Number of protein chains: 2
Amino acid sequence: MAASTLTEVARLAGVSPATASRVLNGSARKPGKDIAERVRQAADSLGYIPNAQAQGLAKSSSGLIGLIVHDIADPYFAAIARGVQDEAREQRRMVLLATTGGAPAEEREAVAAFAARRADSIVIAGSRSSRTEDRDDNAELAAELDRYCRNGGQVAVVGHPVVGATVTEGYHVVAVPNQELAGALAAELASRWDGDFVIIGGPDGLFTSDDRIRGFQEGLATAGRPPAEVLRTAFNRSGGYDAGLELAARIKAGRSGDGEASARKLCIFAVNDVMAIGASAALRAEGLRIPRDATIAGFDDIETLRDFRPALSTVRLPLEEIGRLATRATGRTAGGSEDLDDGEPGPVSGEVTLRRSTEAVA
Amino acid sequence: MAASTLTEVARLAGVSPATASRVLNGSARKPGKDIAERVRQAADSLGYIPNAQAQGLAKSSSGLIGLIVHDIADPYFAAIARGVQDEAREQRRMVLLATTGGAPAEEREAVAAFAARRADSIVIAGSRSSRTEDRDDNAELAAELDRYCRNGGQVAVVGHPVVGATVTEGYHVVAVPNQELAGALAAELASRWDGDFVIIGGPDGLFTSDDRIRGFQEGLATAGRPPAEVLRTAFNRSGGYDAGLELAARIKAGRSGDGEASARKLCIFAVNDVMAIGASAALRAEGLRIPRDATIAGFDDIETLRDFRPALSTVRLPLEEIGRLATRATGRTAGGSEDLDDGEPGPVSGEVTLRRSTEAVA
DNA sequence: GCTTGTTGGGAAAGCGCATTCCCACTACGT
DNA sequence: ACGTAGTGGGAATGCGCTTTCCCAACAAGC
């Protein structure tokens, strides 16, 4: 018993498929009351479920929204995904998920797959990369996106535009003030702290990471501090852990070298919370304590990590809101309210949040 | 410029659409070498992307797999989602995401939406509920699933079967030995601990929670211990926090009441890690320390929470593997290897993992 | 040399639905 | 009373693709 079709419903109700279509799926023309009722009953008794594929084919629009993330299990992306999902739900659309690990080549594939499924819009949440080895892939990704937009697709990118994208029609960017906020964080920290700073960053060329590093350095400069050393590592917990080990070694060496003097206590800035947690774990594993032996700050304010102790200083980013905004930016709310329908999404704002992990103990 | 179609490609290559279809999308019949090459070039130059909707319509199979979770931002579901996504990727299918907050009514809606989109299979990751107020909704959910299966859909449920489902064809359950593992955890704890136990559970009727509670009680009984009191609360971090506050009050009261005697130190079992973390946070907020003033264990071994201190005793569940198994169970690997294709997924195994949070300090 | 397979390609019929025409019919207007 | 606008329904077309069926060409069998 295959799923029942519109035609079957129509036959059962004794009307034409056209009429059945008009009553069951929103059409401009509203058939008469009695007929509508008959059709609806027929549909009910058959357990009719419209075939979205066929509908999509017929009116070339699928009600699908594609979401691209690096890794759905990463709480950063999970939070954004929640926002996207929420908004999609309100717009009565469904989200199609693709995880790429951040590789532009796989992102291109994902875009193509979304295009094949005729997704109405695509939200790209993963950080862009400008590494030279990704140049070709990035170009292809940009080309794929261009084509998608030219064919009427809507694209929203979180953070940074895709490098090389040329189309503006239907192309939205949810700007995240990574640089400014990192600067603000640096300013706050510099005002409470006169020791050295060191940055644990992601691989060179990752925009999110680079922006935060740049902003932090600027903030330090403004505060009259020398630039911080930058450790490059993987943009995840394990990268943070590795860098943490390295720093722990230095701290211990410094300690024994300079005698007991805790004069040059280190303040560590990890470019995201997950890395900060990794680094903290490494320090702890090496017998160091935070904030006693070193202080540390992250970025993002991941919800799941808020119960972590010592509480992590960070920059709160409205992740869910970001996902929601991105989705809304791509939303052709057909016939909906026209208030701020198509304007670019207002830039999101974050907030420096100092907690125990950067408390300079006497 | 709308996306180019198969027909356009065929025309450019000077062949019939049928032939073009045969060469571009896997067909049993392989056209001649030269023709194939011509078609491929035409497709390339036009940037042809097959319309998956149309393909789906024509061969009634969409390459879509629907995933239902309570909340994608919850690390438990995020981990499962990663497994599902991974496996889907290997099978060259895409995942459609729906979050329901656990309400059977919304789950029913999600199933209907997946059915409308003609998803080949559905994975339900959220815990089932048997609460009386959900009875009707559960019945409708079961009916919807039955219909979906009868129409050829594949369903995999994580943990517990949907109550009331009658169809067996295409219906799979990934069994999670919640009860046994909770029992094993209780046994381990009881062997190291002679104080009282208390359980922080989810709302009555939530299978996952109830199974773990039951298992834990059984484990206690086997160890010759009296049953633990059960606190019912929300199945998330905030529920854990609330219960934690309650327990903190008791602990403090007990302390002042019985004098300084720490004789009856409490061992808390929260039915999942996130709740355990919430409870820990509450205890800490009330000035209590773990494991000094109370010990606590969770369940799931959420990756993101492993760096939490004191390290949380828990039961490791291979979440990603569970997602993968569920997906594989629904996978009609058309023409693939026939090894363990259709058999029910082997029951997953977990592992009691004792860490610092339950160390009985002298 | 003719039949019988066999191969490689095209024509055409859907898949399930939305939508554009078109037609019959009613309710007006003058 | 006749023409016109307006209404409510159906027939038919097409969305882009797969697949069955058919046909031509060519190989091999007697």
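As the structure is a prediction and not an experimental result, all values here were calculated from the model.
- Crowding of B:Asp136 atom CG: a count of heavy atoms from other residues, nucleotides or ligands under 6.0 Å not exceeding 12.
- At the phosphate of C:dC17, neither OP1 nor OP2 sits under 4.0 Å from any side-chain N or O atom of A:Gln55.
- Of the candidates D:dC17, C:dG10, C:dG16, the closest approach to any side-chain atom of B:Tyr48 belongs to D:dC17.
- Distances shorter than 4.0 Å separate some side-chain N or O of A:Ser16 from OP1 or OP2 on D:dG10.
- A sub-4.0 Å separation between OP1 or OP2 of C:dG10 and a side-chain N or O of B:Thr19 is present.
- Side-chain nitrogen and oxygen atoms of A:Asn25 include none within less than 4.0 Å of the OP1 or OP2 phosphate oxygen of C:dC17.
- Taking every side-chain heavy atom of A:Lys59 into account, C:dA18 is the closest of D:dG10, D:dC17, C:dA18.
- Distance from the side chain of B:Pro50 is smallest to D:dC17 among D:dC17, C:dG16, C:dT19.
- Between B:Ser21 and D:dT18 there is a side-chain N or O to OP1 or OP2 distance below 4.0 Å.
- Ion pair A:Glu8/A:Arg11 not flagged as a salt bridge, since none of the NZ, NE, NH1 or NH2 atoms sits closer than 4.0 Å to an Asp/Glu carboxylate oxygen.
- Distance from the side chain of B:Ala18 is smallest for C:dG10 among the nucleotides C:dG10, C:dG16, C:dT19.
- Looking only at side-chain heavy atoms (C-beta outward), A:Gln85 and B:Leu97 come within less than 4.5 Å of each other.
- Between B:Ala58 and B:Gly32, the residue anchored closer to the 5' end of DNA chain C is B:Gly32, taking for each the nucleotide with the nearest heavy atom.
- Between A:Glu320 and A:Arg324, at least one side-chain N (NZ, or NE/NH1/NH2) sits under 4.0 Å from a carboxylate O, which counts as a salt bridge.
- The CG atom of A:Leu57 sits 15 Å away from the P atom of D:dG14 (whole-angstrom rounding).
- Distance, A:Arg38 CZ to D:dG8 P: 15 Å, rounded to whole Å.
- Positionally, the nearest nucleotide of DNA chain D for B:Ile49 lies more toward the 5' end than for the other of B:Ile49 and B:Arg22.
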